[in-house]
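Comments concern the structure below.
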Amino acid sequence: MNRTRSLSLASALILVSSIAFTASSLWAFDSQSDEMAGAVLYRDKGCAHCHGASLAGTPKGPALANVRTDKQWPPDKIKDQIMNGGKKMPPFADSLTDDEIAQIIDYLRAKHRPVPPPAAAGAQR
């Protein structure tokens, strides 16, 4: 009986470990998907027009390349800036959903930012 209980416990631990690994793998995949979606939104919603395709900034908007590590720009402040605008930046609360804003923030804060596929001909901005 002791051996059966040990085998059951071992089986349960393996099952729990497998579930935890699968869940963390799915989270990583979802995170990467959100980052890629954010990269596409950044390109297609006009962010690149002012902040540059490489996030290096332009005369119209500041660089965002280092926003990931800038302690003055936590995610909540970035969200507020996108939604409400400020200085020369227009607000985007009416043209972006909360999920889209979150995806753009995921892209801006990604350690390894994905490169979106080329825009389709006639893509909206």
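Starting from 1, each residue takes its place in the sequence as its number.
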Can you see which heavy atom on Ser95 is nearest to which on Lys45, and at what distance?
O-NZ, 3.8 Å
Of all the heavy-atom pairs spanning Pro114 and Ala39, show the shortest one and how long it is.
O-CB, 3.8 Å
Hey, any chance Leu41 and Met89 share a hydrophobic cluster, counting ILVMFWY side chains that come within less than 4.5 Å of each other, even indirectly?
yes
Report the distance from atom SG of Cys47 to atom CD1 of Ile82, rounding to the nearest 0.5 Å.
6.5 Å
Return the set of residues passing side chain to side chain donor-acceptor pair (under 3.5 Å) with Asp99 (not counting sequence neighbours), or none when no residue passes.
none
Neighbour count >12 (heavy atoms, 6.0 Å) for atom NZ, Lys60
no
In short, Ala53 meets Tyr107 closest at the heavy-atom pair O-OH, 4.5 Å
Using the test ring-ring contact (aromatic ring centres under 6.0 Å, His included), find all partners of Phe92 that sit at least two apart in sequence or belong to another chain.
none
Heavy atoms, side chains only, cut-off 4.5 Å: are Pro117 and Val40 in contact?
yes
Counting N and O atoms only, with roles assigned by atom type, does the side chain of Thr58 sit under 3.5 Å from a partner on the main chain of Gly52, one being a donor and the other an acceptor?
no
Kindly write out the residues that satisfy side-chain contact (heavy atoms from CB on, under 4.5 Å) with Asp70, not counting sequence neighbours, or none if the list is empty.
Gln72, Trp73
Scan for ring pair (Phe, Tyr, Trp, His ring centres under 6.0 Å) pairs involving residues 50-69, sequence neighbours excluded, and state none if there are none.
none
Any idea which heavy atoms bring Tyr42 and Ile104 closest together, and the distance?
N-CG1, 4.4 Å
All heavy atoms of Arg109 vs all of Ile78, minimum pair found to be CD-CD1, 4.1 Å
Residues passing the side-chain contact (heavy atoms from CB on, under 4.5 Å) test with Ala110, sequence neighbours excluded, are Glu35, Arg113
Can you sort out the partners of Lys79 under side-chain contact (heavy atoms from CB on, under 4.5 Å), two or more places apart, ordered by chain and number?
Met83, Asp98, Ile101, Ile105
Do Leu96 and Val67 sit in the same hydrophobic cluster, where Ile, Leu, Val, Met, Phe, Trp and Tyr count as joined when their side-chain heavy atoms come under 4.5 Å apart?
yes
